[in-house]
Amino acid sequence: MANTKIDNRTWWDTLHKNGPFDLKLFLTTKMEKSSSGLSDFERYKDAAIEIQRLIQLALDSNERFRAIGSKWSMSSIAHCKDRMHYNAFLNLKFPIFEGEIHPASSYEHNNLFLFQSGNRIKDISRFLERRGKSLKTTGASNGQTIAGCISTGVHGSTIDSGSVQDYVVGLNMITGPNPEDNIYLERESRPALTDTYAKNFATVIIRDDDMFNAVLVGLGSMGFIHGVVVESENLFLLRRYVKKINKKEALQLANTLDFSTYDPKIPDGNFKGVRPFHYKVFINPYNTNETKYGAEFIYKIKYYDNYKLDFGEPIPFQKEFVYLDLIYLFIKIAEKFSKSIPTIINLLKSSILPKEEKTTVGKLSEIFWDAGYQGKAFACSFGVDHTNASKALELMAKVTRENPVPGIFAMRFVKSSEATLAFSKFPFTCMVEIDGIQWKDNDNLISLTDYSTKLIEVLKNNNIPFTIHWGKNANWKFPGLINHMYGKNVKKWKKIRAKLLSIPMQEVFSNSFLDSTKLSEPLAIDEDLIV
Amino acid sequence: MQLIKITLFLALFLIMTSCYSVRLQVSNGVWDPADNERNDPYAGYNVQTIDTIISRKITTGKHYFNISNCESGALHTVEYRTTFGGLLLNGITLGRKKKVKIKYVCIMENSM
């Protein structure tokens, strides 16, 4: 039997120490051991029964319940004051065989895999690579769980592949304590698995495009994600090169994403006119005299076994980090003297930004490898239509110069997602983001909430439609924020949530983040009819 | 005089505890996770520690430690830490006593 360790706690924090947050109980479920003689499906089903038991306990106690992964989100989206469930030990993996594919499916069976929700990106990549497969894209690193990634919309800068949720084709959701609350959900227009196969782990099968798209970026509030069916692709290599390019050119590429005549002039490689797999621009907001920006170009190339002989190891033998104590010392100085921030950023620039003029070739999992612990970090990440990229950057950088904070900007680009509440909602979304180290509020330095409020206001006042990364820092209580960003999709999302979860279960799967954003508020009866 | 004593004591303490550590890690393994609240590179890692003083007899040596709590049977990270105090102990005892401080993280079960 799967068993759960229940720890009494008083507080919990994110990986990047964006809390602390109050907490009563921390739950860790471990599955029956593989030596138990149970098949993997039996272990998977056994874990589902345990999760349903925990949901019942939360319901009986009138308490909230929330699954967490690797706690990489910097917003409070993962937090719940009552019962938090640590998913990391739910890491079973299943290949899908030929007879298990739905007759109307266009997916190739050898590209599909079912992963239990606690599988981390690194774990999944290893599993796929041994089968000659790869994920289509990841975030900038590999520590997040698959369920955490899709629930918050984790993205890289893979222009034409989208975010992690965009290659998910099926979801096993646990929406309550009863047998019929174990659901397999996929799109009606793009079915993936046969009913017989899905019945291995779920009681009810739903094929519904609108429901699938709403649940996909579900903010941890559509039930407990127990399994995720992912479409992979054949293994490929990525060729990465970072160089300084003319500022005007970098912004022109951002605004148009037109690479048809652009030549990145990468040594020993002709990529003129080739659309990169990934394009990212780094910007120091405090250096207005900068005529060149750091730009990262990554091109997709065919996989071959001996690539390391040609290009060397993609993962460095010796990895170095800036001393956190040194960074914290700089932040202490910045807290006292806000004018020192531009100097500090310039001092740390070479440690923060990727090394230039160096070709690296590796698999997706090697290029976007382990992120070292960065300490107390913050990040504000806004999505805008890529045609507004340079305008949004200019406005946000100006706010930052007027209200200095210890961070630097980057721009990444993501294809539109079908998920109802995906922040990558524009045809191509440019994520304009500032990452840095947390500071303490004081008279000399603006608070993070006030800073992010100013970023929201400047985009609103300049009529630039925007979204905000669900897992990043923002003033999430900004009046009308969610409706401003998602319009009628908010009602659509709420309506699906009400369809999927009973009223008591909506409460169980809510948290203070959902309350602040008003997403936990049910639709009024008349609104419910209109949507 | 009191101040000098305190300063000397502090300096001695710092020298004895000053250390260097070497950390080895497999690049393609998945670490055993833990929801801990650490503020160091082991944040999110389930770290185990061996902290002991080993005594060598004249006729025996070449100690090794058996790690039996890695369910996967594999190691992800090993950190060996040496302090000046530990080196001193080894020198004073002519190599008979050695301070050993090792941190390790297992590979996660079901990830291989």
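In what follows, chains are A, B, ... by sequence order, proteins preceding strands, each numbered from 1.
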Say whether, by atom type as modelled, one donor and one acceptor occur between the side chain of K122(A) and the main chain of G29(B) under 3.5 angstrom.
->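 Yes, because the side chain of K122(A) sits within donor-acceptor range (under 3.5 Å) of the backbone of G29(B).
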Hey, does the side chain of E37(B) reach the backbone of W12(A) with a donor-acceptor pair shorter than 3.5 angstrom?
->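 No, the answer is negative, given that no donor and acceptor are paired below the 3.5 Å cut-off.
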W31(B) and D370(A) side chains, donor-acceptor separation under 3.5 Å |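 No, no side-chain donor-acceptor contact under 3.5 Å.
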Where along residues 67-78 of chain A does a heavy atom come under 4.5 Å of chain B, listed by residue number?
->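 Expected list: I68(A), K71(A).
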Taking side chain as C-beta onward, heavy atoms only, is S111(B) less than 4.5 Å from F127(A)?
->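 Result no, sub-4.5 Å side-chain heavy-atom pair not found.
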State, yes or no, whether a side-chain contact exists between R38(B) and L15(A) at a heavy-atom distance under 4.5 Å.
->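 No - every pair of side-chain heavy atoms lies 4.5 Å or more apart.
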Within a 6.0 Å radius of atom [atom1] on [X], are there more than 12 heavy atoms belonging to other residues, nucleotides or ligands?
X	atom1	answer
R96(B)	CZ	no
K308(A)	NZ	yes
K30(A)	NZ	no

Closest non-hydrogen atom pair, S27(B) against W369(A) =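 Shortest heavy-atom contact: O-NE1, 2.8 Å.
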Which heavy-atom pair separates R126(A) from V30(B) by the least distance, and what is that distance?
->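 Closest approach of R126(A) to V30(B): CG-CG2, 4.5 Å.
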Looking at N110(B), N36(B), D35(B), which one has more heavy-atom pairs under 4.5 Å with chain A than the rest?
->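 Ranked by contacts with chain A, first place is D35(B).
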Chain B heavy atoms under 4.5 Å from F26(A): which part of the residue, side chain, backbone, both or neither?
->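 When you check distances to chain B, only side chain atoms of F26(A) fall under 4.5 Å.
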Pairs in or reaching into residues 79-112 of chain B: which pass disulfide (SG to SG under 2.5 Å), with residues at least two apart or in two chains?
->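 Output for this query lists C70(B)-C106(B).
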CG of D123(A) to CE of M108(B): how many Å apart, nearest 0.5 Å?
->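 With rounding to 0.5 Å, CG (D123(A)) is 6.5 Å from CE (M108(B)).
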Would you give the length of the straight line joining atom NZ of K33(A) to atom CD of E71(B), rounded to the nearest 0.5 angstrom?
->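 One gets 3.5 Å once the value is rounded to the nearest 0.5 Å.
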Interface moiety of E109(B) toward chain A, non-hydrogen atoms closer than 4.5 Å =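 Contact with chain A: backbone and side chain both.
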Which of the residues K93(A), R9(A), E366(A) is involved in the greatest number of heavy-atom pairs with chain B at under 4.5 angstrom?
->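 Greatest number of close heavy-atom pairs with chain B: R9(A).
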